[in-house]
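Written below as structure tokens is the structure these notes are about.
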Amino acid sequence: MSTDFAANTPGRSASAASLAVAPRLLSRVSWGAVFAGAVIAVVVGAGLNILGAGLGANLVDATARDTPSASSFGIGAGIWMLVSHLIGLAFGAYAAARLSGTADRTDGMLHGLAMWATAVLVAGFLVGSAAGSVVSTAASGITGMIGSTAQGLGNLAGAAAGEAADRTDTGTIQSLTQSAVDRARDALTASNADPAAMTSDQRKAEIGRLIGRRITDGNLSQQDQDRLAALVAAESGMSPDEARARIGQVEQQAQQAVQQAEQQAREAADAAATAAATAAYWIFALLVLGAIAAVLGARAGTRRALAPDYVAR
């Protein structure tokens, strides 16, 4: 009844008829072809890289000392890996477009791009797994080596301790311990005394406290500066003026060392940022070239539509 109404209604017959006979669009993607092409791309690229490694190993001639330089090896290896990557993607895209069975050129190129994306993900997963395995193996080896070394040191320390215990009595150990405690107490309790009347340990302890305060507070008062100069003069046997000059020289050298370390850290950070940016640009260019190779390979692998008269026969 609705069809008769649409057919008998002016202005609606054409639109209703078109809606009635409009075909339903089916999915035209073949994931089997995409995955097969990705596997082909990865295997072809890996095979070519293995071939390149073999050719590079043949160029090493340690006997005649006729081996190419490291820079030449690096450039050649980079070019070979790039070409292998592009050839593998082109073969994989050709296979994906061919196996999809489509005769539409756009569908074939989209299959090639889907294969390219899948191959990139698979290759990234394989590289990450290999790197993780290498790191895990290296960590295990280092842990074992450290454990063995620690065990050996423990055995050595145990043997040395046993021998020392046999040769050293308790009274000698107590005497040495008490002497060290007395020296530390004397060094820490002689603050604000006359530097000339202080022992060397006492002067060094107070010099260390003043230098620590200089580092933490950023500056010393005039009284502390005079005290530090007197301590240095008494410890080194120089005059107070020479001690002040010596202190100023040491502070200047320390500031220069700090500034130099800061500059080196800034330069290292800048170099790392530049290297990261360069690597990102190269990776992006490699992805773009891979996509272009996949599109060209898929275009070549897309089936051609048969002529209507040939199909009728």
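Along the sequence shown, residues are numbered consecutively beginning with 1.
Tracing side-chain contacts under 4.5 Å through hydrophobic residues (I, L, V, M, F, W, Y), one reaches L48 starting from I75; they form part of the same cluster. Tracing side-chain contacts under 4.5 Å through hydrophobic residues (I, L, V, M, F, W, Y), one reaches F91 starting from V83; they form part of the same cluster. Hydrophobic cluster membership is shared by I79 and I87, with clusters built from Ile, Leu, Val, Met, Phe, Trp and Tyr side chains linked at under 4.5 angstrom. Two different hydrophobic clusters hold V122 and V43 under the rule that ILVMFWY side chains link at heavy-atom gaps under 4.5 Å.
L82 CG to W282 CH2: the interatomic distance, rounded to the nearest 0.5 Å, is 8.0 Å. Distance check: I283 CD1 to Y281 OH gives 12.5 Å after rounding to the nearest 0.5 Å. Atom CG in L59 sits 7.5 Å away from atom CG in L55 (nearest 0.5 Å).
The minimum heavy-atom distance linking R304 with A103 is given by the pair C-CB, 4.4 Å. What you find for A294 and G112 is that their closest heavy atoms are CB-O, 3.7 Å. Minimum heavy-atom separation, L99 to A36: CD1-CB, 4.0 Å. Minimum interatomic distance between A95 and I40 (heavy atoms only, all atoms of both residues): CB-CD1, 3.6 Å. The two atoms that bring H85 and L286 nearest to each other are CD2-CD1, 3.6 Å, heavy atoms only. Heavy-atom minimum distance, G108 versus A97: O-CB, 3.9 Å.
With no hydrogens or angles considered, a side-chain donor-acceptor pair links W80 and S84 at under 3.5 Å.
Here the rule is side-chain hydrogen bond (donor to acceptor under 3.5 Å, both in side chains) with R266, and of Q264, E262, Q263 only E262 fits it.
For the pair V39/F35, no side-chain contact is recorded, criterion being any heavy-atom separation below 4.5 Å from C-beta on. At least one side-chain heavy atom of W116 sits under 4.5 Å from a side-chain heavy atom of L287. You'll find the side chain of L296 reaches within 4.5 Å of the side chain of I292, heavy atoms only. With a 4.5 Å cut-off on side-chain heavy atoms, T302 and D104 do not count as touching.
A donor-acceptor pair under 3.5 Å is formed between the side chain of H111 and the backbone N or O of D107. Under the 3.5 Å distance criterion, the side-chain polar atoms of R303 are matched with a main-chain donor or acceptor of R98.
With sequence neighbours excluded, no residue forms a salt bridge (Lys or Arg N to Asp or Glu O under 4.0 Å) with E267.
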